[in-house]
Amino acid sequence: MVYASAAYGSIPYSGAGSQIDHSICVLIDGVQRGDYVPGSFSANEELNGRNTCRLKLKDKTQSYFPQPGEEILVLKSGQMLFRGTIDRPKVSAPIAGPVNDIDINAVDFNQLCDRFPVAKSYEAEGQTLKDIVTDVVNVQTQLHLEGVTLGGVQDGPLITKAVFNYFTVTRCFNDLSDLTGYYWYIDYNKVLHFLDRTHSRAPFSIGGSGKQNYRIATIDTTRQRYRNVQILRGGFQKTDPIVETLPTDGEQKTWTLRYPLANDATDPPIIKVDGVEQSVGNRGADDEDDYQFTYQHEEEEISQNFDDDAITAGQELEITYTGLIPLIVKAEDDEEIKDRADIEGGTGIYTIVEEDDDIDDRQLAVDRAEAFLRRYGTIPQIITIESDVFGLKAGHILSVTVPEYSIEKEFLIEKITIKDLGIEMVNGKQTNRLRFRITAVDGERFGSWVEFFSKLFEKKGFSVHQNELVTLLRKKREQVTLTDTIETSNDINDLGLEVEDPYTSFRMGQSTDLEYKNRMGFARMGEHPLQL
């Protein structure tokens, strides 16, 4: 048994004798199933996304039929190229030859986060990003039972409040990532990482110092999704307490307010008539007959009990409540607008409107709008590099030097594609030649990616879905057992019509009484006397 150092940890690999096999090996649930088809393996890795792979096997036994969910491990030279579960298998049997062709599409362990929702409000003083992530994995979901551990989670910044209202773990982690600048992934050993990007440098550089560890480097720019003005339309935000005086005419019993009510069943509005506080109930939750006035969350109307006399004209009706108003925020990047105007002429303004009904707090909306500008508020240089060197991953900050393009700066790796080019001879041994296609974006506008993320991390605290209310519903199962005593007789006349239990009577047998002669058996429930 040889233990090899892999990009995602050390893993055991059984090769031929004591030598590590340099060709690609595919294990499914720990067993080699069929022969790998050279040149068929490809994999994609994206920042804050799922890793996927595709490959082909040939099964000469024609006995293996892969099932979704089986674990798959792809190795080369003892290093993990991919590990996850089969997502979509396909088996076909060619007419010629006793062999099955197996096509496998697989996903990595990040997909586990799509399977579990989170319903929790985090409001503890001094709580960090790690505190929340730890609770999500070990308490709120069963991710820990799926084998997910927390070895790669940093403490992170303070999170003043986070409310997750039945969001998937993926969405929760993405929201935390967008606002804090940290990025996350579950590696091939099921270790969860939540990392400060300033510490995620690539293990080597591309180009420079006479190194030619790449084949092709192309530079591209795009305005796709670019914006320098961000408008975010959220849900509704709460107002400060509002006091309204409503008209009275001696007949009116329903009044319309200026704003919908933010008050819920735990925080009813205050209603007074000539300074005397009235009883107030929540329509749909309380018995309306027990209250002088009723209201409903997110509605604009209040109503007087219809059994009460209408308020006399001239009496003062006053309500104190919290209203809901549409939440719209706007964020601008003046420097970027000026740069665009200098290049293009005109205003230089690019405006994008995003909508998120889950946002109901102004500061959260501002944070989210700023996050959109951080992500899409520049027209970046996008570099695509082809290399045969293993060791890079999405999220790494990569130093790139390409003299032909006058490039010497940092790039953030957003995507890596791996492709098996087939078998070739290297040092007298057969090996599968891998080609890595790396897509990365520059951080020149920010000075460097490290500088940009360092400034972002200086923020003292973040809020996520601050004012949402989480309602937990639980079903409780109870068992009720009912018993009764049944009197029986072969002749219905033996029982008579009078029994102690007026609601249950069960009679079987043939009656000698002509009235019951043809009734061999019947049951009756209800009041006496017996009605036939």
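We're numbering straight along the sequence, starting at 1.
No side-chain donor-acceptor contact under 3.5 Å links E71 to the backbone of G30. Remark: the backbone N or O of N51 is paired with a side-chain donor or acceptor of D108 at under 3.5 angstrom. Although no hydrogens or angles enter the test, the distance criterion places no donor-acceptor pair under 3.5 Å between the side chain of R340 and the main chain of G348. Side chain of Q140 to main chain of K120: no donor-acceptor pair is present (N/O by atom type, distance under 3.5 Å, no hydrogens or angles).
I159 has its side chain out of reach of T128: every pair of non-hydrogen atoms, C-beta onward, lies at least 4.5 Å apart. The closest side-chain heavy-atom distance from K190 to R83 is not below 4.5 Å.
Of the residues I349, I352, T378, the one that meets the side-chain contact (heavy atoms from CB on, under 4.5 Å) test with N228 is I349. The one candidate from I418, D420, D388 that meets the side-chain contact (heavy atoms from CB on, under 4.5 Å) condition with R435 is D388.
Annotation: R88, atom CZ; neighbour count of heavy atoms from other residues, nucleotides and ligands within 6.0 Å does not exceed 12. The environment of E408 atom CD is sparse: at most 12 non-hydrogen atoms of other residues, nucleotides or ligands sit within 6.0 angstrom. Heavy-atom neighbours of K130 NZ from other residues, nucleotides or ligands within 6.0 Å: above the threshold of 12. Within a 6.0 Å radius of CD in E344, more than 12 heavy atoms belonging to other residues, nucleotides or ligands are found.
Minimum heavy-atom separation, P66 to I102: CG-CG2, 3.7 Å. Taking all atoms of both residues into account, the shortest heavy-atom contact from V441 to P380 is CB-CB, 4.4 Å.
For the residue pair N432 and S23, no side-chain donor N or O sits within less than 3.5 Å of a side-chain acceptor on the partner. Side-chain contact, S77 with Q79: no donor N or O sits under 3.5 Å from an acceptor N or O.
How far CZ of R171 is from CZ of F164: 9.5 Å, rounded to the nearest 0.5 Å.
In this structure, W184 and F194 have parallel ring planes: the angle between them is below the 30° cut-off, well short of the 60° mark.
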